[in-house]
Amino acid sequence: MKGDPKSWAERLREIAPELIEEIYERKQPSKGLPDLEIEPGRRVVLRFAPNPNGPATIGSVRGIVVNSEYAQRYNGEFILRFDDTDPKTKAPLRDAYSWYLDDCEYLCAVPDRVVYASDHLPAYYEYAKKLILMGKAYVCLCEKDVFKRYKDGKVACPHRDSDIDTNLERWEQMLDRECGYREGEAVLRIKTDITHKDPAMRDWAAFRIIEAAHSRPEIGDQFRVWPLLDFESAVLDHVLGVTHIIRGKDLIDSERRQRYVYDYLGWEYPLTMHWGRMKIHEFGRFSTSAIAAAIADGKYTGWDDPRVPTLRALRRRGITAVAIRRFMIDLGISETDISLSLDNLYAVNRKIVDPTANRYFFVWEPATMSIENAVAMVAQPLLHPEGDAVREIPVGSTVSVCRTDIKGLGVGDRRRLKNMYDIEVVSVEPLVAKRIGGDHGEWCATEEKPRYPIIHWVPDERARVVDVVVRAPDQTYEGVGEAGIVSEEGNVVQFERFGFVRIDSVDVEKRRAVAYFAHR
RNA sequence: GCUCCGAUAGUGUAGCUCGGCCAAUCAUGCGGGGCUCUCAAUCCCGUGACUCGGGUUCAAAUCCCGAUCGGAGCACCA
């Protein structure tokens, strides 16, 4: 039965035309997040579980957005859970808890429930004891690297086969602050399969002793035995009724480890999805602790320094929540590692911000230009190109223009001062120009076509401008802007021919404003 | 070393489960042009990809095997 595909298609059309449509029906391009596999009649419960040892980074934002998006889509529950069960190596930052709450709110992802893993020690202890009694967990007294050697050799350590009573007794000793084991002397392990072909699965540690106090005052030094992530998360996901776990693929093995606990206890493991590693061109690889160190060194001004890959920094720059959500959702959930540019995020944000951002002139690296036969006038550029509202800029015979705009200008060159009039350079050093073109009334915009290159300006009079500093990720721009900027504190505006910025702070007295650069 | 996972234009993404309107979707970027008193917006046009090698099949981006490359786990971190 040989033949080419075409003749097969023809034959199919003859003998079974109804199948043709079936073949062609699928494969609709889809957008954004795929549908979730859901159990009918059961409310979906998702959680985002950060360690509050710093503020939300771009990576965390993906977790917040994706999980909350699904919760919203299926009318389910979104839980923010602080996985803060290591008071020492990854000591929680007191402020980070509220930063996360605040960031979730900004992202339109207000959690339905906020949970602190450090509030649930009794629950972890309860299940630990249960597992010990079942013979599925044992206290291991090996030193770290001694155990590693056993594990790598697929052989049980001497403590693996201790009887249940011994384990129980040792567990009590772990918990006993007075005369029990000390930090580093004992851990509780989950018994899996010491010969498992994947070394990552073999008898993993569930609890260890940490004598440091927890940074939450309500917890303090109440506990000295803390669960590790896999145990803490396993118990809490069950207790909270989490139905779907969606997170980075660095935790993909966690599931397989935790399934031992779920199987022993007869629990049902949630459905999981994982996304790949995310690398942002503009930031490269980063870790929360590395950023913290750089801030401590004074390299960055803080967690919201525009050069830092935190949500706080993005917020300060005027990247909107809608843009961030759309950006993250469009990434989907692929396990492929990705390396992407923030340009995509900026493009989304630009579309959102452009229709509402007011326009202003900002002259960076200002140079003075004086104008012969100038007319005093009030320039009236549009506040927004789509609207009727204008801003009013009184101007006389001197203006400030960007140094980059006059570089290379020679005598006789012509330019249009936007919303003012056309000029011709009569002297370069000092920079002097003369008004050209029509001269009717106050302003003399020339009508004739060849349009000279347009440059923007600002009056060169202290009283009519404000000093503006723009902090961008790559550099800081200093210059002067039109006076109206002072009324835009907190808003995203566009500095014409420069880009979108968020006016971060305004000092009316000193006539100063600080803006954060968003994007072009 | 052991184990697991992934690979579609410059970048991200759809299609892969269940092979066939796939000479491959959308976005962004880039190039050209229109409009414009902003280098923004907007409108046209263009650009460019199934990692490689085998196999199965009438038919492979899709299924199988191998290789290459990339990533992750093997913590008393999360």
Side-chain angles (χ1 to χ4, degrees), chain A residues 1-9 11-12 19-21 23-32 34 49-51 53 83-86 88-90 117 140 142-144 147-148 151-152 154 183-189 196-202 204-210 226 228-230 232-233 248-254 256-257 274 276-277 281 288-289 327 330-332 334-341 343-348 350-351 353-355 357 359 361 381-382 385-386 416-420 422 445-446 451-452 454-456 494-500 519-520:
Chain A
M1 272 312 239
K2 295 280 174 192
D4 62 307
K6 206 164 274 177
S7 58
W8 263 74
R11 278 198 54 205
L12 186 58
L19 290 182
I20 300 275
E21 257 176 63
I23 288 173
Y24 295 157
E25 226 166 286
R26 311 176 200 122
K27 303 203 170 175
Q28 287 310 310
S30 74
K31 199 70 188 131
N51 177 333
N53 67 339
D83 277 355
D84 55 351
T85 55
D86 182 351
K88 196 178 177 184
T89 326
K90 292 234 171 146
C140 174
C142 294
E143 265 179 50
K144 219 180 352 189
F147 180 82
K148 182 176 165 51
K151 184 205 67 183
D152 289 343
K154 296 186 180 180
E183 193 170 310
E185 288 179 355
V187 297
L188 186 77
R189 293 190 181 280
H196 198 291
K197 62 175 181 169
D198 182 351
M201 294 301 128
R202 300 174 197 154
W204 48 273
F207 288 86
R208 81 302 212 188
I209 299 168
I210 294 180
W226 288 89
L228 282 125
L229 169 81
D230 281 318
E232 169 266 310
S233 186
K249 74 173 185 184
D250 49 317
L251 290 174
I252 219 159
D253 279 347
S254 257
R256 301 197 297 142
R257 273 191 291 265
H274 300 91
R277 224 177 60 135
H281 294 309
T288 306
S289 40
F327 175 72
D330 283 350
L331 289 183
S334 133
E335 281 188 30
T336 316
D337 297 325
I338 55 175
S339 168
L340 44 85
S341 161
D343 282 347
N344 292 279
L345 174 60
Y346 297 156
V348 178
R350 190 178 296 119
K351 283 197 179 71
V353 135
D354 181 74
R359 270 52 173 177
F361 289 154
L382 289 168
E386 306 297 326
R416 168 163 294 180
L417 296 175
K418 190 166 186 284
N419 299 96
M420 206 173 147
D422 294 339
T446 53
R451 269 206 331 256
Y452 304 118
I454 296 162
I455 63 174
H456 68 288
Q494 189 202 47
F495 284 164
E496 295 193 46
R497 305 209 304 139
F498 181 77
F500 292 92
H519 46 75
R520 304 199 58 142

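Because the structure is predicted, anything quoted here is derived from the model rather than measured. To find a chain, count down the sequence lines: A is the first, B the second, and so on, and within it residues start at 1.
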Inset, instruction - Could you give the distance separating B:C69 and B:C26 at their P atoms, to the nearest angstrom? - result: 35 Å

Legend entry - Nearest-angstrom distance from the residue atom CG of A:L345 to C1' of B:U13: 16 Å

Inset, instruction - Tell me what A:N51 touches on the nucleic acid: a base, only sugar-phosphate, or nothing, going by heavy atoms under 4.0 Å. - result: sugar-phosphate

Inset, instruction - Name the residue closer to the 5' end of RNA chain B, choosing between A:K351 and A:G32 according to the nucleotide with the nearest heavy atom. - result: A:G32

Legend entry - Protein-nucleotide distance (A:R497, atom CZ; B:C37, atom C1'), rounded to Å: 11 Å

Legend entry - Nearest to side-chain heavy atoms of A:S339, which nucleotide of B:G12, B:C74, B:C39: B:G12

Legend entry - P-based separation of B:U25 from B:C45 [nearest Å]: 15 Å

Inset, instruction - Give the stems involving RNA chain B, where a stem is 3 or more consecutive Watson-Crick or G-U wobble pairs (i with j, i+1 with j-1, and so on) under 3.5 Å. - result: B:1-7 with B:68-74, B:10-12 with B:26-28, B:29-34 with B:42-47, B:51-55 with B:63-67

Inset, instruction - For nucleotides B:G48 and B:A67, find the distance between their C1' atoms and express it as a whole number of Å. - result: 27 Å

Legend entry - N/O (side chain, A:T336) to phosphate O (OP1/OP2, B:G70) under 4.0 Å: no

Legend entry - P gap between B:U3 and B:G12, integer Å: 30 Å

Legend entry - Euclidean distance for C1', B:C35 against B:C18 (whole angstrom): 49 Å

Inset, instruction - Measure the OG-NE2 distance between A:S254 and A:H274 for me, rounded to the nearest 0.5 Å. - result: 8.0 Å

Legend entry - Pairwise side-chain contact, A:Q494 with A:V353, heavy-atom cut-off 4.5 Å (strictly under): no

Legend entry - Candidates B:G71, B:C77, B:U13 - which lies nearest the side chain of A:T89: B:C77

Inset, instruction - Just compare B:C74, B:A40, B:A78 and give me whichever is closest to any side-chain atom of A:A200. - result: B:C74

Inset, instruction - Rounded to the nearest 0.5 Å, what's the gap from CD on A:E496 to CD1 on A:I454? Could you check? - result: 10.0 Å

Inset, instruction - Would you classify A:R257 as touching base, sugar-phosphate or nothing, given that sugar-phosphate means primed atoms plus P, OP1 and OP2, and contacts are heavy atoms under 4.0 Å? - result: sugar-phosphate

Legend entry - Candidates B:A40, B:C37, B:A78 - which lies nearest the side chain of A:R350: B:A40

Inset, instruction - For residues A:R497 and A:I455, determine if any side-chain heavy atom of one lies less than 4.5 Å from a side-chain heavy atom of the other. - result: yes

Legend entry - Euclidean distance, atom NE2 of residue A:H456 to atom P of B:U38 [Å, nearest integer]: 13 Å

Inset, instruction - Scan A:G184 against the nucleic acid and name what it touches under 4.0 Å (heavy atoms): base, sugar-phosphate only, or nothing. - result: base

Inset, instruction - Taking only the side-chain nitrogens and oxygens of A:K249, find out if one of them lies under 4.0 Å from OP1 or OP2 of B:C4. - result: no

Legend entry - Selection from B:G12, B:C5, B:A40 that lies nearest to any side-chain heavy atom of A:I338: B:G12

Legend entry - Test side-chain contact (heavy atoms from CB on, under 4.5 Å) applied to A:L340 and A:F327, step by step: CA-CA 11 Å; A:L340 44 85; A:F327 175 72; 3.8 Å; yes

Inset, instruction - Report which part of the nucleic acid A:E335 touches: base, sugar-phosphate, or nothing (heavy-atom distance under 4.0 Å, all strands). - result: sugar-phosphate

Inset, instruction - Quote, to the nearest angstrom, the P distance that separates B:G6 from B:U62. - result: 15 Å

Legend entry - Side-chain N or O of A:K151 closer than 4.0 Å to phosphate OP1/OP2 of B:A75: yes

Inset, instruction - Looking at every strand, decide which applies to A:S254 at a 4.0 Å heavy-atom threshold: base, sugar-phosphate, or nothing. - result: nothing

Legend entry - Nearest listed nucleotide, side chain of A:L340, among B:A41, B:U11, B:C39: B:U11

Inset, instruction - Can you figure out which of B:U11, B:U13, B:G71 approaches the side chain of A:S334 most closely? - result: B:U13

Legend entry - From SG (A:C142) to NZ (A:K151), nearest 0.5 Å: 12.5 Å

Inset, instruction - Measure from the side-chain N and O atoms of A:R202 to the backbone N and O of A:H196, and report whether any donor-acceptor pair falls under 3.5 Å. - result: yes

Inset, instruction - Remember a base hit wins even if backbone is also touched, and classify A:F207 as base, sugar-phosphate or nothing at under 4.0 Å, heavy atoms. - result: nothing

Legend entry - A:D86/A:R208 salt bridge by N-O under 4.0 Å criterion: yes

Inset, instruction - Would you mind telling me which of A:L228, A:L188, A:V187 makes a side-chain contact (heavy atoms from CB on, under 4.5 Å) with A:F207? - result: A:L188

Inset, instruction - Taking only the side-chain nitrogens and oxygens of A:R256, find out if one of them lies under 4.0 Å from OP1 or OP2 of B:U3. - result: no

Inset, instruction - Using only heavy-atom distances, decide whether a donor-acceptor pair under 3.5 angstrom links the side-chain of A:K418 to the base of B:C37. - result: no

Legend entry - Side-chain donor/acceptor of A:R359 to backbone N/O of A:L382, under 3.5 Å: no

Legend entry - Any A:R189 side-chain N or O less than 4.0 Å from OP1/OP2 of B:C76: yes

Inset, instruction - When you get a sec, tell me which of B:G1, B:A40, B:U11 is the closest nucleotide to the side chain of A:P199? - result: B:G1

Inset, instruction - Step by step, work out the side-chain contact (heavy atoms from CB on, under 4.5 Å) result for A:D337 and A:K249. - result: CA-CA 9 Å; A:D337 297 325; A:K249 74 173 185 184; 3.1 Å; yes

Legend entry - Nearest-Å distance for atom pair CG/C1', residues A:D250 and B:A78: 9 Å

Legend entry - Whole-Å distance separating the CD1 atom of A:I252 from the C1' atom of B:A78: 16 Å

Inset, instruction - Would you kindly give the CG-to-P distance between A:N344 and B:C26, to the nearest whole Å? - result: 16 Å

Inset, instruction - For A:K144, answer base if it contacts any base atom (sugar-phosphate contacts may also be present), sugar-phosphate if it contacts only those atoms, and nothing otherwise; contact means non-hydrogen atoms under 4.0 Å. - result: base

Legend entry - Protein-nucleotide distance (A:E232, atom CD; B:C77, atom P), rounded to Å: 13 Å

Legend entry - Candidates B:A72, B:C74, B:A78 - which lies nearest the side chain of A:R277: B:A72

Inset, instruction - Would you mind classifying the nucleic acid contact of A:L228 as base, sugar-phosphate or nothing, using non-hydrogen atoms under 4.0 angstrom? - result: sugar-phosphate

Inset, instruction - Please measure how far the P atom in B:C30 lies from the corresponding atom in B:C39, and state the result in whole Å. - result: 15 Å

Legend entry - Distance, C1' atom - from B:A14 to B:A27, rounded to whole angstrom: 11 Å

Legend entry - Minimum-distance nucleotide (side-chain atoms of A:D83 versus B:A41, B:A78, B:G12): B:A78

Legend entry - Between B:G29 (P) and A:D343 (CG): distance, integer Å: 7 Å

Inset, instruction - May I ask you to verify if any side-chain N or O of A:R208 is less than 4.0 angstrom from the OP1 or OP2 atom of B:A78? - result: yes

